[in-house]
Every structure is written in C-alpha cells, then in structure tokens.
There are 2 protein chains.
Amino acid sequence: MTLDKRKSQILESIIRDYVETAEPVGSRSIVKKHNLKISAATVRNEMADLEEMGYLEQPHTSAGRIPSQVGFRYYVDCMMQKETLDDSELELLHRILNENIGEWSDVVSKIGSFLSQVTNYASFVIVPSIKLSEFKDIQIIPLSERTAMLLVLTDIGVLLHRKIEVPPTISGEELQLIGRVFTRVLSGTKLEEMRRNELKALREELRNRRKVIDTVLEAVDIMMQGCQDDSVVISGSLNILNEPEFKDLDKLKRILTILEEDVLLKQILPDMVGEEVNITIGNENKAEDIKEMSLVVAGYNNFGEMGKIGVIGPIRMEYWKAAGTVESLRNILDQVLSKKYY
Amino acid sequence: MTLDKRKSQILESIIRDYVETAEPVGSRSIVKKHNLKISAATVRNEMADLEEMGYLEQPHTSAGRIPSQVGFRYYVDCMMQKETLDDSELELLHRILNENIGEWSDVVSKIGSFLSQVTNYASFVIVPSIKLSEFKDIQIIPLSERTAMLLVLTDIGVLLHRKIEVPPTISGEELQLIGRVFTRVLSGTKLEEMRRNELKALREELRNRRKVIDTVLEAVDIMMQGCQDDSVVISGSLNILNEPEFKDLDKLKRILTILEEDVLLKQILPDMVGEEVNITIGNENKAEDIKEMSLVVAGYNNFGEMGKIGVIGPIRMEYWKAAGTVESLRNILDQVLSKKYY
DNA sequence: GTTAGCACTCTCGTTAGTTGAGTGCTAATG
DNA sequence: CATTAGCACTCAACTAACGAGAGTGCTAAC
C-alpha cells in the first residue's frame, strides 16, 4: 500500500524534522518550516490518518507526532533516496586512501573511521578470518641460540609470525632449509587443511628433524587459532554520546559495552547480509540489546569470503545518508580488495 | 605537619567511607560504622578542626564532610599503605601470563586489561617507540612478479613488515641475496642511525641494484615513521561509567574522548615518571581536562626506554588498591621484559 | 577534654498550581 | 466535499511551597 503524494510529503517532513531535532513535531511547525501550501488543520487531519495507519505515534495526547518504526520502515522502503558522498567528502576519502598504506588492514580501519566521521554514527567493519587462505611461503629466521622467528605468508598477503624454540644444535642454514622444504611441500595448501594432507610427505623428507617439524606445526596451529575469528574494527563509538536518546546512563552503558566487545557486536548483526545495503530498524533487530537502535549493513567481498561494513545508530537515524555512505564504501572496499593484495 | 592519632583515624574513616559511597559522611555514621570509642560530638569537633586545616570540606552546611584534594594528598603521603594483590588475583594473573603469548605486545595488553579488571578503573600502558632498537635481520620474500614482502627484525624481537614493489627482472634468489647483504652490513645498527652510517658501504656493494636499495630504504623509512610514536594500550575505559561523579554527560564525554585518543592520553600524563608509583590528584594534574580525575602511574623499563603503566579514575579513588596494583604490575612488566624477548 | 541536648540549616522529595504547545472537534467557507 | 478558522481540552514541564530528615554548631553539664 502506498501513500498519496500529500501524505508522503507530510511523513517525510515529520521524519526529517524529527531526525534533526529529536522532538515530536507539531502540525504548525512543519507547515511553516517546509512552506507547505496547506493549513495546519489539514495537516492535523492527515497526521491523524497516518497515525491510524501506524506510521506515526504520539508520545502523549498534547504533543506532536513522531515517526513510528513502521513509519521509518515505510520511508526506507518506498520513499528514501540514498544520499551519496558530496564533493568535499569524496576528496577527503581520496586523500585518506592515498596516504601510505602498508597492508589491507590499514585500508579497512581507515575506511571505517571515515564512515563514522561522515555519518556521525558508530561504524564497524567485519573482516572474515583468513582460515581459508593458502600458504605461500614459510621462513624460519634464527634469533638466538635457542629461538627463531617463524613467518608464514598467505596468498592474500597476510603475514603471521611467532617466536618458536629450536634445539641449540640446529644451525641457521638448516633452519632456512627446513623453511624452504615447508614452503615447497605446503605451498598452495589451504591453511586449514594443512594438518591432514601433506604432512606425511613432510615427515618423510625431514625425518631427522621431527622435533622441529612438530614445533613449527604447533606454532602454526596456535597462530591459526589466533585468526579463527572474524576480526572487527569499530570506529566512532563515542558518537552515540551525542544522541539525546542515550542520555540515560544504563542504555548508554549497554550500547558502549556492545561496541567495545567484538564478540557482542558480531552477535547482534543480522545473519544474512547480501551485497545490498540492509537496514534493520529497532525491533526488527533480533538481539534484545539493540532494539532501540538501527543498523545499516552491507556485505563486501573479502577474498571470496563475505565481510560486512555498516553503521549502528539511533532509530532516529539519517537513513538516507547512512545507506548512501555505507553503499559507497562497500563498493570501494570491494574495489580495493579485488586487486589481490600482493 | 602530621596529624595526631585520633585525627588520622577520623580522616581515614571519612576517606574510606566516602570512597565507598560517594556521599558526604556524617559524624554519627562513622562512629557507628568503625566502632570508634568516642562520641559523635567529639568527632564533630575533630572534623571542624580537620576542615579548618583544609583536609575536609562541606558541600553545604547541613551535610556531612568529604575529603578535600589536600586531604587525599595527606592520606596518600602520610598514611596510605599500598594494598597488594590478594591470592585469587595473583592466581588470575599467573593464569593470564601463562596463556599462549606470542610476542610482548600480548603481555602488555593482557597486563593492561588485568589492571583495569582488578582496580575497576581505566588502565593504560605506554610502550615506548622502538626507534632505538637495532636491526637484527632483513629479509625480502618475493610475493609476485613485481612485489615482495620486506621484513625487518629488530633485536628486541619486534617484526616490521611491508610490501614493496620490485623490478620484474629481479629473481627471487637475488632478492634473498640482497636481504642477506642488508643484514650483514646493517646488523647491529640502530634503526634511526641507519640512513647516515653504513649506507655508503651498502650502495658500494650492491651498486648494480641501486633501485632496489632505494625502495627498501624508503620502505624502512615509512615503517619507522609508523613506529615513531609511543604506542598506547588502554583497557576498561568504560569503568568510569560506574562512577557517580560522571553521571554528567559532558564530563563523561570529555573523559571518554581522552581515553579513546592515544595522543590526548599521552598529553595528560605527568612528564616525569620515575620507577616509583606517582600519584596526581585532581588539580595537581597539569591538563585542564582531567582536573576532576586522579592518576596513578609508574615507569617501567622497556628495553632501556621508560614506559609507563597506570590507571586513571575519579578523585574519589581507592588509592591504596590502585597504587599497590600498579606497583606490582610495574614490577612484573620489568621482570618479563628483562628476559630479552628472543 | 568529652559528651548530651537542642536549635538551626539546607537538601531532597512531594504536592499543587501555572504555563504553553499541540491536538481534536465543530462549524463555516469556497 | 475538501479545507480551514476557531476554540475547548489535554498533558508535560516548570515553579513554588512545604515537610521530612540528616547533619551540624553551640552550649552547658559531666
């Protein structure tokens, strides 16, 4: 069911005013502010209709109206036009992306912080774990008599490293050699399949160095455990301090806690996120703790896995801006990551 | 000037009650609570004295007393006994330290988070930049036709890495060779002195690979810029949400902003921090923004440079606990870092 | 020096009254 | 018949007044 033109216009006016001021908006004020060619009384009639339809609600009888969650949903689905980045923002973005960037985790964090700056909401980027990447190179660099640094390079250019203990009898050259054998045998293997497949061949070839093999494998195992979870980059969580709906300390604390704990944040996100920008408003969120917030999320392609990028803010959110910005940055992430990073 | 025994006892009682409840404490209540053998009236007389001396103050005539900042200072200087970690806390700490720890930055962040957990204040650890460390090993691992991964290992076991572009004409073996020459010539050089000293020798030896040398040097330069600043690890900043003195949103925001921005946090710390635990109370802090907070900081020895570890909390702080815990963890950090980490 | 007693002060929470923005309804209008 | 002016009505927010309670300071007695 779609609204006639006048009702749409009124709904939109109310949404924009309410998003801006966080106050219920009255009939008179929107007529004035948006130069509508109708009287306040007419607007009141329309508002009564919109309320009956469920798009507006009144905090109390003698107050103005505020958009209901259903109202926001209708707006987002049927009326919203995503607002893209303006020139100065684009320029800022390009400046950021042209700065010295060593690895793609830098790109992610910079884009995240840009997102929160532009929208004034908290932003997050979920980066899928690298568990499906392949080995590319393994090196063992001696540090001291008994220790060495194990380096594992994956095909997407991620470098893992860990200190290991080695028998003092083993020489630096031999360590290098062992590294090379590892590289030759394992190169191209999925990180997670490593244990099962080529292990036997490896044992065979280095049979007199079983100890070192085991140490290395164990270290690899530990490193892998360290990257099992998708990593989360959060920016601008303090933006919610500016929203009047969170003047309540308890609410505030709940939200900030979620924003501080990666695990919690991952739990609240909608399971299915496609490439399209996905908006969940208030109660549409499955997690109890954020039923007073809205999410704007999109998926991006992170070396074949689905990553997520988005913002979290009050229900009274500038969805047009948030959706447009998230979409743009999703595309840029896709684009940047599609040039394989080595 | 020191207080007589009874005044001390009263001051301490007031401090402990006030720290616990955040409410002004009255004469009657401390007599009851601490089973003092004197009457409330006597206590009132003593309190009047203490107020005159500047150790106590009254929010208004008909309220109890609260310790003034001078009062806290006197307590800290002349009466406080640092409270060390209890058994369960020690056990927790050891469990944490025995978990898998790959490199010392893990130690730092774990100790930081332990500190904030135990004290219930926000904790910070300042880790000096590694600019004074020495090269230990340089490796160049080919990634693709035109790119390679540059690895720089320092003597304290920190690994820097960065992707570089290499001419497609150069072979993997040659890259390795170049890495080895770098290692041989530069090993033992301070990172920051690199440019000046052995550069000529290097250019000499690899004169037909000038391009690659420059690329590598440039990359090293960029990596060094990335570690020029001391890094900061903050934990438990949300603890301040529990303190009633920060129910005011503006205050809260100021503080949280400081705790989110490394740079700001570094600015507010006292310049001179010795190995001893250093306490600055309220207005004793130079920075305007934290004149309503207290700092408990100690320096630790981070591979020859001075690092800092401490907590930041309300003036109404459990100084005894904070000071004891900071001291213990300072020592542990010293101890852990003194076994050179390779 | 210490303490009991008491008048005094000031905050806090409650209640009652006032104000003003905004509505809903009705009747008049084009 | 849609629109509008007019008006009575509602309710949150603000203010003032008031009593209760916690705590003090002072005085006089021990």
Side-chain angles (χ1 to χ4, degrees), chain A residues 3-11 13-18 20-68 71 244-245 247-248 316, chain B residues 3-11 13-18 20-68 71 244-245 247-249:
Chain A
L3 298 176
D4 66 44
K5 193 167 166 198
R6 196 167 67 184
K7 283 200 172 53
S8 291
Q9 193 175 21
I10 291 175
L11 178 57
S13 300
I14 293 177
I15 286 183
R16 291 202 104 96
D17 281 12
Y18 177 64
E20 184 182 343
T21 64
E23 303 278 320
V25 338
S27 52
R28 222 178 103 81
S29 72
I30 65 170
V31 172
K32 264 196 179 170
K33 188 155 177 187
H34 297 88
N35 299 316
L36 300 190
K37 297 282 169 285
I38 48 181
S39 78
T42 312
V43 173
R44 278 204 288 282
N45 289 331
E46 297 286 34
M47 281 162 93
D49 289 352
L50 285 167
E51 179 167 4
E52 207 173 338
M53 292 186 244
Y55 295 144
L56 296 180
E57 52 196 28
Q58 263 180 312
H60 49 267
T61 28
S62 72
R65 304 295 209 295
I66 66 178
S68 68
E245 32 269 271
K247 61 188 188 316
D248 176 30
R316 182 185 59 79
Chain B
L3 299 176
D4 67 44
K5 194 165 167 200
R6 194 167 67 185
K7 282 200 173 55
S8 291
Q9 194 175 19
I10 290 175
L11 178 57
S13 301
I14 293 177
I15 285 182
R16 291 202 104 98
D17 282 12
Y18 177 65
E20 185 182 341
T21 63
E23 303 278 319
V25 338
S27 52
R28 222 178 102 80
S29 70
I30 65 171
V31 172
K32 265 194 176 171
K33 189 154 177 186
H34 297 89
N35 298 316
L36 301 189
K37 297 285 172 283
I38 48 181
S39 78
T42 311
V43 172
R44 277 203 290 282
N45 288 330
E46 297 285 34
M47 281 162 93
D49 288 353
L50 284 167
E51 180 166 2
E52 207 174 337
M53 291 185 244
Y55 295 144
L56 296 180
E57 52 196 28
Q58 261 181 313
H60 49 268
T61 29
S62 72
R65 304 295 208 293
I66 65 177
S68 68
E245 32 268 270
K247 60 186 190 315
D248 175 30
L249 273 189

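Each chain gets a letter, A, B and so on, in the order the sequences are listed, and its residues count up from 1.
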Can you name the nearest heavy-atom pair linking [X] to [Y], along with the distance?
X: B:Pro59; Y: B:Ile66; result: CG-CG2, 4.4 Å
X: B:Leu11; Y: B:Gly71; result: CD2-O, 4.4 Å
X: A:Pro244; Y: A:Arg316; result: CD-NH2, 3.4 Å
X: B:Tyr55; Y: B:Leu3; result: CE1-CD2, 3.6 Å
X: A:Tyr18; Y: A:Pro67; result: CD2-CD, 3.3 Å

Atom pairs, protein N/O to nucleotides 28-30 of chain C N/O, distance under 3.5 Å:
none

Measure from [atom1] on [X] to [atom2] on [N] and round the result to the nearest Å.
X: A:Arg28; N: D:dA5; atom1: CZ; atom2: P; answer: 11 Å
X: B:Glu23; N: D:dT24; atom1: CD; atom2: P; answer: 14 Å
X: A:Leu36; N: D:dT4; atom1: CG; atom2: C1'; answer: 15 Å

Are the side chain of B:Ser13 and the backbone of B:Ile30 linked by a donor-acceptor contact shorter than 3.5 Å?
no

Whether B:Ser29 side chain and B:Val25 backbone form a donor-acceptor pair below 3.5 Å
no

Just verifying a value: how many Å separate B:Met47 CE and B:Glu52 CD, rounded to the nearest 0.5 Å?
14.5 Å

Could you list the residues that satisfy salt bridge (Lys or Arg N to Asp or Glu O under 4.0 Å) with [X], not counting sequence neighbours?
X: A:Glu23; result: none
X: A:Glu20; result: A:Lys33
X: B:Glu57; result: none

OP1 or OP2 of D:dG25 versus the side-chain N and O atoms of B:Arg65: is any pair under 4.0 Å?
yes

Please list residues of residues 43-62 of chain B whose heavy atoms come under 4.0 Å from any atom in DNA chain C, ordered by number; otherwise none.
B:Arg44, B:Asn45, B:His60, B:Thr61, B:Ser62

Nearest to side-chain heavy atoms of A:Arg6, which nucleotide of C:dT3, D:dT3, C:dT23:
D:dT3

Could you note down all residue pairs passing side chain to side chain donor-acceptor pair (under 3.5 Å) where residues 38-48 of chain B supplies at least one of them, sequence neighbours left out?
B:Arg6-B:Glu46, B:Lys7-B:Glu46, B:Ser27-B:Arg44, B:Ser39-B:Thr42

Listing time: all N or O pairs from protein to nucleotides 28-30 of chain D that are below 3.5 Å?
none

Name the nucleic acid region contacted by A:Ser29, choosing base, sugar-phosphate or nothing; use a 4.0 angstrom heavy-atom cut-off, strictly under.
nothing

Produce the list of close N/O pairs, under 3.5 Å, pairing protein atoms with atoms of nucleotides 13-17 of chain C; give distances to one decimal.
none

Pairwise side-chain contact, B:His34 with B:Ile10, heavy-atom cut-off 4.5 Å (strictly under):
no

